[in-house]
Amino acid sequence: MNILGIETSCDETSVAVISNGELMANLISSQDFHTNYGGVVPELSSRAHLQIVMPLINKALDKTGLNLEEMDVISATAGPGLIGALLVGLTFGKGLAYSLGKTFIPVNHIEGHIFSGFLMEGKPDFPYLCLVVSGGHTLLLLVKNDFEIIKLGTTVDDAAGEAFDKVSKMLGLGYPGGPMIQKYAEMYEGELIDFPVSRCKNRYDFSFSGLKTAVLRLIEKEYGGVGKVPQKDIPLLAASFQDAVVRALVEKTELASGEFNAKSVSLVGGVAANQYLRNALIEIAKRYDKKFVVPSLEFCGDNAAMIAYRGMKLYEGGYRFNFDFNAYPGLKENPFIKEYKSAD
Ligand code: KG4
Ligand code: ZN
């Protein structure tokens, strides 16, 4: 069975092909020009997707030696994400599937990330704890199987990646912030500033806006405002901020590792590219005797391989969708994700 996956939810256009369970191509075209604006400009993003999506599909197919007619399923990200950007990939996918008489499977972007560990050789074992950390989402999940996910916690304000991006801006390091913060943090050796980790009502929830404000207050007090931090102090601030985010993420994952009988721990999403976070979670998994699975960098950020993989699972699970299935920008009721009902 052959599946074509299309991802256009934000600033990456990506196309992937899975053939008989094997990933044959995963092409990612990043819209780097957004760095000039300090963040993603939605309208420019949609236009760029529109220009590149078909050439990228052709390029991906070329790589596999297969043609469009040989695809059985066409899957595309339906949401959440930027509505204009989503509409490009989704409408393209629908149009192709309709005109070629193929099955069309819309895929939830977060579900794509959740199962992205399965793109690796050492796949997670069910049930597994999944920490989803991206620009838009921070979730701690217990994934029981392909279609049953328990949501243990989420962020009550900013997403982890969003916090990286905002603090990067405060330090004058630009967008996307995560890789820049990591780069500067790696230059620092020594004592860190002890930024506080916020407490939440639900013990598995996260909060990053207090941390962001703490960094801002410090920059204002010590340096007289945003953009005034001298180059020599940026590594200290980057390392201290990164450490505080990672402490928060690790603390909740450790708590869940002790409470739930999970076999694996999987770290996914754009922020999963962060080496400091990876190292910290490797330690937790070791301590709790769980297998640790993190996708390679190519599958951490937005990519179509995870969309094709999820499309394949939905197809195999018998899920079918109509062509009037529409794109959705925000979170909507997810049939596979249930809220955790704590005993206390
Ligand atoms: O999953 P993703 O590509 O897009 C969304 O679905 O949101 O995640 C993008 C986020 C950005 O906020 C970016 O700053 C962050 O991932 N990121 C990182 C690193 N690389 C990307 N955060 C921390 N450290 C990194 N090395
Ligand atoms: Zn993503």
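When a ligand or atom number is given, it counts from 1 through the structure's own listing order.
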With a 4.5 Å cut-off on side-chain heavy-atom distances among I, L, V, M, F, W and Y, is there a chain of contacts connecting L140 to V294?
yes
Per-residue contact class, H113 against ligand 1 - non-hydrogen pairs under 4.0 Å
side chain
Can the positive tip of K313 be found less than 6.0 Å from the middle of the six-membered ring of F115, inside 45° of the ring normal?
no
Closest approach of any protein heavy atom to atom 3 (O) of ligand 1, naming residue and atom:
D302 N, 3.2 Å
Please report which non-hydrogen protein atom sits nearest to atom 24 (N) of ligand 1, along with the residue it belongs to and the distance in Å to one decimal place.
N274 ND2, 3.0 Å
With a 6.0 Å cut-off on the ring centroids, do F325 and F323 count as close?
no
Mode of D165 contact toward ligand 1 - side chain, backbone, both, neither (heavy atoms, under 4.0 Å)
side chain
Tell me whether the Zn ion (ligand 2) has H137 as a neighbour, meaning an N, O or S atom of it below 2.8 Å.
no
Are R247 and D243 close enough, and set up right, to give a salt bridge (charged side-chain N to carboxylate O under 4.0 Å, His left out), and what steps lead you there?
CA-CA 6 Å; R247 265 189 285 131; D243 180 72; 3.0 Å; yes
Restricting to N, O or S, what is the name of the atom of D302 that lies nearest the Zn ion (ligand 2)?
OD1
Show the atoms of ligand 1 that are less than 4.0 angstrom away from any heavy atom in G135.
5 (C), 7 (O), 8 (O), 9 (C), 10 (C), 12 (O)
Looking at F104, is R320 sitting on its ring face, NZ or CZ under 6.0 Å from the six-membered ring centre and within 45 degrees of the normal?
no
If the contact criterion is a heavy-atom separation under 4.0 Å, does H109 count as touching ligand 1?
yes
Aromatic centroids of F147 and Y319 separated by under 6.0 Å:
yes
Using 0.5 Å steps for rounding, measure from the CG atom of L44 to the OH atom of Y37.
5.0 Å
Heavy-atom contacts with G301 under 4.0 Å: which atoms of ligand 1 show up? List them by number with element.
3 (O)
Determine whether the aromatic ring centres of residues F164 and F241 are separated by less than 6.0 angstrom.
yes
Here's one to test your reading of the geometry: is the NZ or CZ of R47 within 45 degrees of the ring axis of F33 and under 6.0 Å from its centre?
no
Can you measure from OH (Y309) to CD (E111) and round to the nearest 0.5 angstrom?
12.5 Å
Show the atoms of ligand 1 that are less than 4.0 angstrom away from any heavy atom in Q182.
24 (N), 25 (C), 26 (N)
Sub-4.0 Å heavy-atom contact, G177 with ligand 1:
yes
Numbering as shown, the atoms of ligand 1 that approach G136 to under 4.0 Å (heavy-atom distance):
7 (O)
May I ask you to check if ligand 1 and G270 share an N or O to N or O distance below 3.5 Å?
yes
For ligand 1 and G178, I'd like to know whether there is a polar contact (N/O to N/O, distance under 3.5 Å).
yes
Atoms in ligand 1 with a heavy atom of G161 nearer than 4.0 Å:
12 (O)
In ligand 1, which numbered atoms sit nearer than 4.0 Å to a non-hydrogen atom of V271?
15 (C), 16 (O), 18 (C), 22 (N), 23 (C)
Between the OG1 atom in T64 and the CD atom in E70, the distance rounded to the nearest 0.5 Å is 8.0 Å
N, O or S atom within H113 nearest to the Zn ion (ligand 2), by name:
NE2
